[in-house]
Amino acid sequence: MVNPRIAEILRSGQPDESLVVQGWVRTKRELKGFAFLEVNDGSSLANLQVVINEDLPDYAGLLKQINTGASVEVVGVLVASQGKGQRIELKATTVKVYGDADPDTYPLQKKRHSFEFLRTIGHLRSRTNSFGAVFRVRNACATAIHQFFQERGFLWVHTPIITASDCEGAGELFSVTSLNLKDIPKTENQAVDYSQDFFGKPTYLTVSGQLEAEVMAMAFSNVYTFGPTFRAENSNTSRHLAEFWMVEPEMAFCDLEGDMDLAEAFLKHIFKYVLEKCPEDMEFFNQRIDDSVLATADNIINNEFERLTYSDAIKLLEKTDVKFEYPVSWGLDLQSEHERYLAEQLFKKPVIVTDYPAQIKAFYMRLNEDEKTVRAMDILAPKIGEIIGGSQREERLDVLEKRVIAQGMKPEDLWWYLDLRRYGTVPHAGFGLGFERLVQFMTGMGNIRDVIPFPRTPQSAEF
Ligand code: 4AD
Ligand code: MG
């Protein structure tokens, strides 16, 4: 028999039920003749209150062993609780301690710790209320994503992590090599001789699964990827990771309008799902982390996103009295302060900006008739800035070849990608959602390092 988890016991446990509970002790309170333990097994924010009576064998020895952080198995009977704060509690008949936790050295004593401190104990922080709630919500977001696409007949495709192409063309690549770094083979011109490397050419960790997702969309019509991506961009901000998860749908026979409609429906679905599955955790974020979390969720679900072109966004930014650190003018990329001004202050909801200048966007985006802008769209969220980046793809072979060359890439390196335009090309579109930015947006967590279990950032790869 599988023992019920604490979440289920708290939801539907009845007095007189006999149970076995396994978990970690959050607190111990000793009173005259008995003690209370708060036990948590990660299934919910709330703990199960366990009552240990002094008539248990070796009561004193047991209590000495049980401190915050200890792992226990409690066999007992559920009783209606006399105290406030819980409906039921577990009256212990036996308690087994798996492992104790020395109160002099265990770092998670009962008090509030800063997120900075908790980052230094990344192997233990998931045992706190905040990180428990974050990772349950993260799990619910992932489930909602699969549910959304599966219900709509999208095929989940697995794209490679090691690749020879730089999808975004931004040069933020981590190299993958099996060459001996102490004795790198060189060619006659003193360049690295990659013909001797594992794959016979330079390879990298992927920055995006998009190019391969396009391949699969040209056979299955609608597909999505959900996997890790890597960027060696040296940005130490609260919204950048070197390793993050991205969700990338790709749709054949789809234009930018269809792409935006899907992205908006997608975000609404995830918020609805999480509110339904994790009400207690979401309430916790609203109370403890950011008191606008529930209002934001409501706003996302019930209001249409604002849509405007990049050119109109620039006009609005030029008109405002707000002083920005970075300049605003047509042709320059929007900085996070501009994105946040639009979403947070001006429209007070997510904003979809379309038709960016071609020169600041990737080679694969479809060129507009003005030949200056491309069919790109970024979704900007309050507090986060860019949460989704997408586009209609260039399906015309001649135009795409010119764009590849203009961006300093070699068409022959992308021969297979160009072949998609040679054989049965169709209008198609897709986008990428930064999964951690979504979890930040959902929970109100200020730092992206605190929504992924093991963050990878410049100078930091502990745990
Ligand atoms: O805008 P990006 O670079 O778009 C692409 O990679 C496209 N190939 C997607 C597509 O059309 N299939 O990245 C997509 C999203 C961003 O909007 C952002 O949310 C997130 O990925 N992102 C990051 N998240 C965390 N840390 C980083 N360093 C990120 N860089 C991008
Ligand atoms: Mg982008």
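Note that the numbering runs from 1 along the sequence shown for the chain. Any value given below was found using the heavy atoms of this structure, including those in side chains, with hydrogens, waters and symmetry copies removed. Counting convention: from 1, in listed order, for ligands and their atoms alike.
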Exercise. Can you list the atoms of ligand 1 that are under 4.0 Å from a heavy atom of Gly390?
Worked result: 11 (O)

For this session: Would you check whether Leu241 has a nitrogen or oxygen atom less than 3.5 angstrom from a nitrogen or oxygen atom of ligand 1?
Result: yes

Exercise. Quick check: does any side chain N or O of Asp166 sit under 3.5 Å from a backbone N or O of Ala170, one acting as donor and the other as acceptor?
Worked result: yes

Exercise. Do the rings of Phe154 and Phe149 sit parallel, tilted or perpendicular, given the 30° and 60° boundaries?
Worked result: tilted

Exercise. Does the side chain of Asn189 come under 3.5 Å of the side chain of Thr187 through a donor N or O and an acceptor N or O?
Worked result: no

Exercise. Centroid-to-centroid, Phe266 to Phe148, below 6.0 Å?
Worked result: yes

Problem set entry | Heteroatom distance test (Ile387, ligand 1): nitrogen or oxygen, under 3.5 angstrom | yes

Exercise. What atoms of ligand 1 come within less than 4.0 Å of a heavy atom belonging to Gly389?
Worked result: 1 (O), 9 (C), 10 (C), 11 (O), 17 (O)

Exercise. Going by heavy atoms, is Phe435 under 4.0 Å from ligand 1?
Worked result: no

Seminar exercise, completed: re atom 9 (C) of ligand 1, the protein heavy-atom contact at minimum distance is Glu248 OE2, 3.3 Å

Exercise. Closest approach of Val176 and Ile162, non-hydrogen atoms and distance?
Worked result: CG1-CD1, 4.3 Å

Seminar exercise, completed: Honestly, for His240 the part within reach of ligand 1 (heavy atoms, under 4.0 Å) is both

Exercise. Based purely on interatomic distance, does Glu386 place a nitrogen or oxygen under 3.5 Å from a nitrogen or oxygen of ligand 1?
Worked result: yes

For this session: Considering only non-hydrogen protein atoms, determine which one is nearest to atom 18 (C) of ligand 1 and report residue, atom name and distance to 0.1 Å.
Result: Arg437 NH1, 3.5 Å

Exercise. Who's the nearest protein heavy-atom neighbour of atom 14 (C) of ligand 1, and how far?
Worked result: Met246 SD, 3.4 Å

Exercise. If you measure from each heavy atom of Arg393 to ligand 1, is any distance below 4.0 Å?
Worked result: yes

Problem set entry | Within-shell test, Leu438 vs ligand 1, heavy atom, strictly < 4.0 Å | no

Seminar exercise, completed: So for Ile388 against ligand 1, with non-hydrogen atoms under 4.0 Å, the contacting part is backbone

Exercise. Counting distance only, does the side-chain N/O of Arg366 pair as donor-acceptor with the main-chain N or O of Val374 below 3.5 Å?
Worked result: no

Exercise. Short list, please: which atoms of ligand 1 are under 4.0 Å from a heavy atom of Ser208?
Worked result: 6 (O), 8 (N)

Problem set entry | Arg239 touching ligand 1 at heavy-atom level, < 4.0 angstrom | yes

Exercise. Does a side-chain N-to-carboxylate-O contact under 4.0 Å join Lys272 and Glu276?
Worked result: no

Problem set entry | Side-chain donor/acceptor of Asp197 to backbone N/O of Ser178, under 3.5 Å | yes

Exercise. Which value, rounded to the nearest 0.5 Å, describes the distance between Ile352 atom CD1 and Glu264 atom CD?
Worked result: 5.5 Å

For this session: Look only at the side chain of Asp259 and the backbone of Asp255, and say whether a donor-acceptor pair between them is shorter than 3.5 Å.
Result: no

Exercise. Is ligand 1 less than 4.0 angstrom away from at least one heavy atom of Ser391?
Worked result: no

For this session: State whether Glu386 contributes an N/O/S atom found under 2.8 Å from the Mg ion (ligand 2).
Result: yes

Exercise. What part of Arg231 sits under 4.0 Å from ligand 1 if we count only heavy atoms: the side chain, the backbone, both or neither?
Worked result: side chain

For this session: Indicate the ring-plane relationship of Tyr356 and Tyr310, choosing parallel, tilted or perpendicular according to the 30° and 60° boundaries.
Result: tilted

For this session: Using a 4.0 Å heavy-atom cut-off, say whether Tyr364 meets ligand 1 through its side chain, its backbone, both or neither.
Result: side chain

Seminar exercise, completed: On a heavy-atom basis, the closest approach of Tyr204 and Leu173 is CD2-CB, 3.6 Å

Seminar exercise, completed: Short version for Phe244: what comes under 4.0 Å of ligand 1, heavy atoms counted, is side chain

Exercise. Within 45 degrees of the axis of the six-membered ring of Phe115 and under 6.0 Å from its centre: does Arg119 put its NZ or CZ there?
Worked result: no

Exercise. What is the nearest protein non-hydrogen atom to atom 20 (C) of ligand 1, stated with its residue, atom name and distance?
Worked result: Gly434 CA, 3.5 Å

Report all side-chain donor-acceptor pairs from residues 208-229 shorter than 3.5 Å, counting only partners two or more places apart or in another chain.
residue : atom : partner : partner atom : Å
Ser208  : OG   : Gln210  : N            : 3.0
Ser208  : OG   : Glu248  : OE1          : 3.4
Ser208  : OG   : Glu248  : OE2          : 2.8
Gln210  : OE1  : Tyr364  : OH           : 3.1
Gln210  : NE2  : Glu214  : OE2          : 2.8
Glu214  : OE1  : Tyr417  : OH           : 2.9
Glu214  : OE1  : Arg421  : NH1          : 3.4
Glu214  : OE1  : Arg421  : NH2          : 2.8
Glu214  : OE1  : His428  : NE2          : 2.7
Glu214  : OE2  : Tyr417  : OH           : 2.6
Tyr224  : OH   : His146  : ND1          : 2.7
Tyr224  : OH   : Gln150  : NE2          : 2.9
Thr225  : OG1  : Glu248  : N            : 3.4
Thr229  : OG1  : Phe244  : O            : 3.0

Exercise. Below 4.0 Å from any atom of ligand 1, is there a heavy atom belonging to Glu436?
Worked result: no

For residues 312-325, please give each side-chain donor-acceptor pair under 3.5 Å, one per line with the distance, not counting sequence neighbours.
residue : atom : partner : partner atom : Å
Asp312  : OD2  : Thr309  : OG1          : 3.4
Thr320  : OG1  : Val322  : N            : 2.9
Thr320  : OG1  : Tyr341  : OH           : 3.3

Seminar exercise, completed: the protein heavy atom lying closest to atom 7 (C) of ligand 1 turns out to be Glu168 OE2, 3.3 Å

Exercise. Taking only heavy atoms of Ile448, which atoms of ligand 1 are found under 4.0 Å from at least one of them?
Worked result: 25 (C)

Exercise. What protein heavy atom sits nearest atom 15 (C) of ligand 1, and how far off is it?
Worked result: Gly432 O, 3.6 Å

